[in-house]
Structures are given as C-alpha cells and as structure tokens.
**Q** 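One structure coming up, written as structure tokens, with questions to follow.
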Amino acid sequence: MSSFFTFDKRVQHAAAEAERLCGPYFARIEDTYEYNQGKVLDAFRKGRVAESHFVPSTGYGYSDRGREVLDEVFAAALGAECALVRHNFVSGTHTLATALFGVLRPGDTMVSVTGLPYDTIHSVIGLRGEGQGSLKDFGIHYRQVDLDAQGRPDLAAIAEGVKGAKMAYIQRSRGYSLRPSLSVEDIRAIVRTVKAVDEQILVFVDNCYGEFVEKTEPLSVGADLMAGSLIKNPGGGIAETGGYIAGRKDLVELCAYRLTCPGIGAEVGCTLGHTKSMFMGLFAAPRVTASAVKLSVFGSAFFSLLGYDTLPDYREPRADIITTVTLGSEQGMLAFCRGIQSGSPIDSFVTPEGWDMPGYDDPVVMAAGAFVSGSSIELSADGPIKPPYSVYMQGGLDYYSGKAGMMMAAENLLQLK
C-alpha cells in the first residue's frame with residue numbers, strides 16, 4: 001500500500017505491530033473459513049444448483065425453481081429445516097419484524113433476554129411511536145431481562161423472566177452498546193435456560209453480523225428461528241438487497257404467510273433476476289466474512305496500540321464482525337468516519353456528517369463507501385453521536401483495502417492531537 005498511500009510512521013509502525021500480534025488469531029479465522037466454505041459448497045452440491053436456477057421470473061413467480069432451491073441451499077448452509085430467502089426483505093429490521101409478526105399472536109408475550117434491543121426494532125415492538133401498527137398495537141406484550149453487571153446474559157433472571165412467555169428474543173450482536181456480542185455457546189446456555197422453564201417457549205435469534213463467524217449457527221444449539229440481512233454476512237457483498245428467515249419449518253411457513261398473505265406464503269414471489277446474486281453472495285459469504293473478522297481483529301489491535309479503547313480485545317474469539325473504538329469526542333468520531341470514507345472504493349471524496357436517521361433517538365454518523373448502499377459487510381463505521389462517542393466498525397470485502405481504510409482513519413485522528 002505504501003506505493004499508493006502516504007502514512008505517518010506512527011501509523012505504519014502500529015499497523016505492522018498489530019499484524020504481528022494478530023498472526024495466531026488470523027490462523028484460527030482461516031480454519032473457520034475453510035470449514036464454512038466446505039459447508040456451503042456441500043449445500044450447493046446437494047441442492048444440485050444449476051444455471052437454470054438463475055433465470056428471472058416475473059408476475060406471481062409460480063414454480064420459480066431457482067427461488068425454491070435458493071431456500072433449500074440456505075437452509076442446508078445454516079443448519080435449518082427450512083428457510084425463506086427473498087430480495088424483497090428491505091432490511092434486517094424488516095426481516096426481523098416479519099418473523100415477529102408471523103409467529104406472535106394477540107395476547108402473546110415476547111421477552112428480550114439480552115436487554116434493550118437495537119434502536120430500529122423499538123418501533124416494531126411499540127417502545128416508540130403510536131398507532132404505527134406495532135406489536136403493542138396488536139396486543140402483543142413485551143418484557144425484557146437486563147444483562148448483568150458485566151454485560152452478559154443473566155441466566156437466573158432469564159429463567160424467571162420468561163415464565164408465561166411465547167418467545168424469548170436474543171440479539172446476538174451488541175448493537176449500539178458496549179456489551180459483548182454473543183457466541184453460539186452463549187446462545188446455547190440461554191436456550192437451555194429457557195427450555196428448562198418451558199419447552200414450548202420459542203427462541204428467536206437476531207443473527208445479524210453473526211453468520212459464518214463461527215463454525216455453527218444458533219439453530220444448531222436449539223434456537224427455533226433466526227433471521228438476518230443479505231447486505232451483511234450471508235450476502236457476501238454480492239447480494240444487492242434482501243434477507244432470510246431460517247429455522248423450524250412450521251415457523252418459517254408462518255413467517256412466509258406474513259411476508260405475502262395467509263394461504264399463499266412462500267409459493268409466490270417473482271425473483272426479477274436477483275436469484276443469481278443471492279446464490280453468488282452465499283457462496284462468497286464464508287470468504288468475505290473471514291476477511292471482515294480478520295479486519296475486526298486487526299482493528300482492535302491497531303487502534304489499541306494507538307491509545308484507544310477497543311472492544312472486543314484482539315485476543316478474544318469473535319462472535320460477530322464488529323469492533324468498537326471509543327474516541328471520546330464528537331470530533332474524534334467524525335474524523336474517524338471521514339478517514340474510513342476516504343479509504344473506500346466508492347464515494348471516497350464524500351464527507352460523512354451526523355444526521356437524524358429514521359429509527360434512531362440520536363444523530364448518527366455513517367461512513368460507508370460501498371458498492372451496495374448501506375452494506376455493512378463492506379468496510380463501514382457508524383455510531384450515535386453521544387457519549388462515550390464510540391464508533392462501530394465492521395465489514396471489509398478485502399483485507400488489504402480494509403486495512404488501508406483503517407490506517408486513513410488513524411491518520412485523521414493523529415491530526416486532532
């Protein structure tokens with residue numbers, strides 16, 4: 001990169017030292033990548049994916065074999081009985097909302113067992129807004145079990161809190177908080193706790209940012225349902241839009257009825273030429289996710305060496321692709337995000353500013369020079385502009401370009417000192 005970019009010697013030294021420190025942890029990531037790539041390749045082979053499955057359909061999309069096989073391949077790759085994969089899920093929040101409305105009924109109780117969930121789901125639950133058609137508007141009750149003092153799931157409180165509930169809701173990633181993200185083993189412990197209270201309680205996992213980070217997914221440890229976005233890990237930076245819901249067949253069927261309408265469900269829905277990019281994205285997902293995890297580990301070590309607090313530590317096993325860097329000021333956040341933006345392949349000349357994004361309580365700054373708008377499997381950094389002024393950095397289609405973007409962020413921070 002030194003042939004194309006000029007970096008301060010302090011930045012170069014910190015980057016070289018970070019890579020030296022991260023070497024053993026990169027090897028572990030490569031092992032997970034190889035395993036997951038084999039798993040996905042096996043799903044494609046068993047699904048007998050053919051070029052004919054890329055043919056677009058229009059109108060109702062009846063008998064779209066590509067759509068059906070895509071569902072089958074995703075289910076196999078994620079360890080699910082069934083999956084619903086569609087380009088017309090407009091975001092991760094939309095996908096989660098479809099699942100919640102699909103499974104829950106008036107009078108049911110949903111319990112978030114990992115504390116307050118991510119900002120954009122608040123309006124879906126009914127924690128914010130009135131008369132928008134939230135779960136609360138339909139008579140679905142909400143409770144939450146807060147995390148313990150270390151930011152970990154409080155299993156004893158969960159056992160008490162889920163009594164009488166229809167669903168236990170788990171958010172795997174940290175969202176805009178500084179609590180640890182949850183590994184599959186963490187989720188196993190929650191599932192065991194919930195099912196010991198009542199086997200009939202459904203465990204639903206918001207799996208955003210977690211797919212293919214580990215060798216297994218939450219369904220393998222007893223979760224009933226999970227959902228995520230295709231412009232995060234499982235789309236591999238290739239899928240241009242969409243989301244997935246995966247898990248028990250009966251539950252996925254209920255979600256399909258919510259996405260379309262009762263009695264029709266997953267039997268319709270034209271693909272309009274999106275099927276090929278979703279197949280390609282899934283195939284690329286283990287490689288791209290491994291790149292993002294390596295960058296997450298590198299970023300933790302690199303910015304720590306430069307004197308900033310980072311979470312998680314570079315030596316800790318990863319449960320998602322996110323690293324948090326606490327910068328201590330609005331100026332620091334803006335400088336960091338402008339550096340990430342300047343190191344992006346798209347819109348590198350744009351200057352990120354904070355703005356009042358729909359679904360958030362505070363102004364948010366976002367750096368994302370991405371091929372797919374809003375894609376957070378591509379290198380990006382964002383966060384609410386409020387104390388302690390932390391940015392949440394994730395993604396990276398390619399390790400070396402992502403490293404350059406982080407070094408540009410560091411250059412900007414040095415200029416503030």
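Bear in mind that the values here come from a model prediction, so they are computed numbers and not experimental data.
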**Q** Could you check, using the six-membered ring where one of them is a Trp, whether Phe336 and Phe303 have ring centers closer than 6.0 angstrom?
**A** yes

**Q** Is it true that Arg172 and Glu214 make a salt bridge, defined as a side-chain N closer than 4.0 Å to a carboxylate O?
**A** yes

**Q** Do Arg338 and Glu353 sit within salt-bridge range, that is, some charged N less than 4.0 Å from a carboxylate O?
**A** yes

**Q** Judged by atom type as modelled, is there a donor-acceptor pair below 3.5 Å linking the side chain of Ser344 to the main-chain atoms of Ile340?
**A** yes

**Q** So, are Asp320 and Lys232 salt-bridged, with charged N and O less than 4.0 Å apart?
**A** no

**Q** Return yes when atom CD of Glu72 has more than 12 non-hydrogen atoms of other residues, nucleotides or ligands closer than 6.0 Å, and no otherwise.
**A** yes

**Q** Say whether Arg318 and Ser300, considering side chains only, have a donor N or O and an acceptor N or O under 3.5 Å apart.
**A** yes

**Q** Is it the case that atom NZ in Lys39 sees more than 12 heavy atoms from other parts of the structure closer than 6.0 Å?
**A** yes

**Q** Between Tyr392 and Tyr176, how do the two ring planes meet: parallel, tilted or perpendicular, split at 30° and 60°?
**A** tilted

**Q** Taking atom CD as the centre, does Glu316 end up with more than 12 heavy-atom neighbours from other residues, nucleotides or ligands that are less than 6.0 angstrom away?
**A** yes

**Q** Any side-chain heavy atom of Phe44 sitting closer than 4.5 Å to one from Leu282?
**A** yes

**Q** So that I can tick it off, tell me whether Asp186 and Arg152 are bridged by a salt bridge, with the cut-off set at under 4.0 angstrom between side-chain N and carboxylate O.
**A** yes

**Q** Salt bridge (charged side-chain N to carboxylate O under 4.0 Å, His left out) for Arg86 and Asp71? Distances and angles first, verdict last.
**A** CA-CA 9 Å; Arg86 296 292 183 273; Asp71 287 346; 3.0 Å; yes

**Q** Verify the neighbour count for atom NZ of Lys136: are there more than 12 heavy atoms of other residues, nucleotides or ligands below 6.0 Å?
**A** no

**Q** Decide if atom CZ of Arg192 counts as having more than 12 heavy atoms of other residues, nucleotides or ligands within a radius under 6.0 Å.
**A** no

**Q** Could you verify whether a donor N or O on one side chain and an acceptor N or O on the other, from Thr324 and Arg179, lie under 3.5 Å apart?
**A** no

**Q** Should we count NZ of Lys249 as having more than 12 external heavy atoms under 6.0 Å?
**A** no

**Q** Measure the spacing between OG of Ser173 and CG of Asn207 and express it to the nearest 0.5 Å.
**A** 9.5 Å

**Q** Could you tell me whether Glu30 and Lys294 make a salt bridge, using a distance below 4.0 angstrom between a side-chain N and a carboxylate O?
**A** yes

